[in-house]
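For reference, the structure discussed in these notes is given below.
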Amino acid sequence: MTTVWLSPSATSFACLCEPCLELARSSGALFADALALASVRGSISLEIDATETRCAAGHQLLLRRVSRPPGLVHRDERQLQLT
């Protein structure tokens, strides 16, 4: 099952079904056709933390909200340096 992580404020989603992409790849489908077939879109209520949906081919996808990660505890001076 494919898991799709959503931000806490998301009310809609758009993702790709991984099993559909793999089937298209193995059958030699054109990339644009694979994307069109694997595309999954929908809406989700803010009150729902996790739910399931299905792509057009019937593969199950799990939609889950995730909290934003906390900031870095220890600042690393190297993280903003460009080389």
Side-chain angles (χ1 to χ4, degrees):
M1 178 184 329
T2 301
T3 300
V4 179
W5 298 99
L6 304 172
S7 74
S9 60
T11 57
S12 63
F13 65 92
C15 61
L16 297 172
C17 173
E18 292 177 9
C20 283
L21 285 176
E22 180 58 27
L23 287 171
R25 185 198 63 77
S26 63
S27 71
L30 294 175
F31 185 67
D33 293 338
L35 290 179
L37 291 171
S39 180
V40 181
R41 298 174 185 269
S43 60
I44 183 169
S45 171
L46 286 172
E47 293 79 30
I48 296 175
D49 289 329
T51 189
E52 295 177 359
T53 191
R54 293 188 181 273
C55 70
H59 299 118
Q60 195 171 16
L61 292 91
L62 175 62
L63 306 174
R64 282 191 169 271
R65 292 193 187 278
V66 63
S67 298
R68 299 211 183 271
L72 293 175
V73 176
H74 302 287
R75 182 172 167 84
D76 184 344
E77 296 298 326
R78 296 173 296 171
Q79 72 189 95
L80 297 179
Q81 290 180 355
L82 299 175
T83 57

Exercise for review: Compare every heavy atom of Met1 with every heavy atom of Leu62, then report the nearest pair and how far apart it is.
Suggested key: CB-SD, 3.5 Å

Exercise for review: Any chance you could pull the hydrophobic cluster mates of Ile44, using side-chain heavy atoms under 4.5 angstrom and chaining through other members?
Suggested key: Val4, Leu6, Phe13, Val40, Ile48, Leu61, Leu63

Practice item. Please examine the side chains of Pro19 and Thr2, heavy atoms only from C-beta on, and report whether any two atoms are closer than 4.5 Å. Key: yes

Point to revise | Sequence neighbours excluded, every pair satisfying side chain to side chain donor-acceptor pair (under 3.5 Å) that has a member inside residues 49-59 | key: Glu52-Gln60

Review point. Can you pull the salt bridge (Lys or Arg N to Asp or Glu O under 4.0 Å) pairs that have at least one residue in residues 1-16, sequence neighbours excluded?
Key: none

Check your understanding: Looking only at atom types and distance, does a side-chain atom of Ser26 sit under 3.5 Å from a main-chain N or O of Leu23, one as donor and one as acceptor?
Key -> yes

Check your understanding: Which atom pair, heavy atoms only, marks the closest approach of Ala14 to Arg41?
Key -> CB-NH1, 3.7 Å

Study note, to complete from the structure: salt bridge (Lys or Arg N to Asp or Glu O under 4.0 Å) pairs touching residues 16-39, sequence neighbours excluded, are Glu22-Arg25

**Study point:** Sequence-distant partners of Ser45, side chain to side chain donor-acceptor pair (under 3.5 Å), two or more places apart
**Key:** Glu47

Review point. At their closest point, which heavy atom of Arg64 faces which heavy atom of Ala50, and how far apart are they?
Key: CG-CB, 4.2 Å

Check your understanding: Residues sharing Leu37's hydrophobic cluster, by side-chain heavy-atom contacts under 4.5 Å among ILVMFWY, directly or via others?
Key -> none

Exercise for review: For Ser67 and Pro8, work out which heavy atoms get closest and say how close.
Suggested key: CA-CG, 4.1 Å

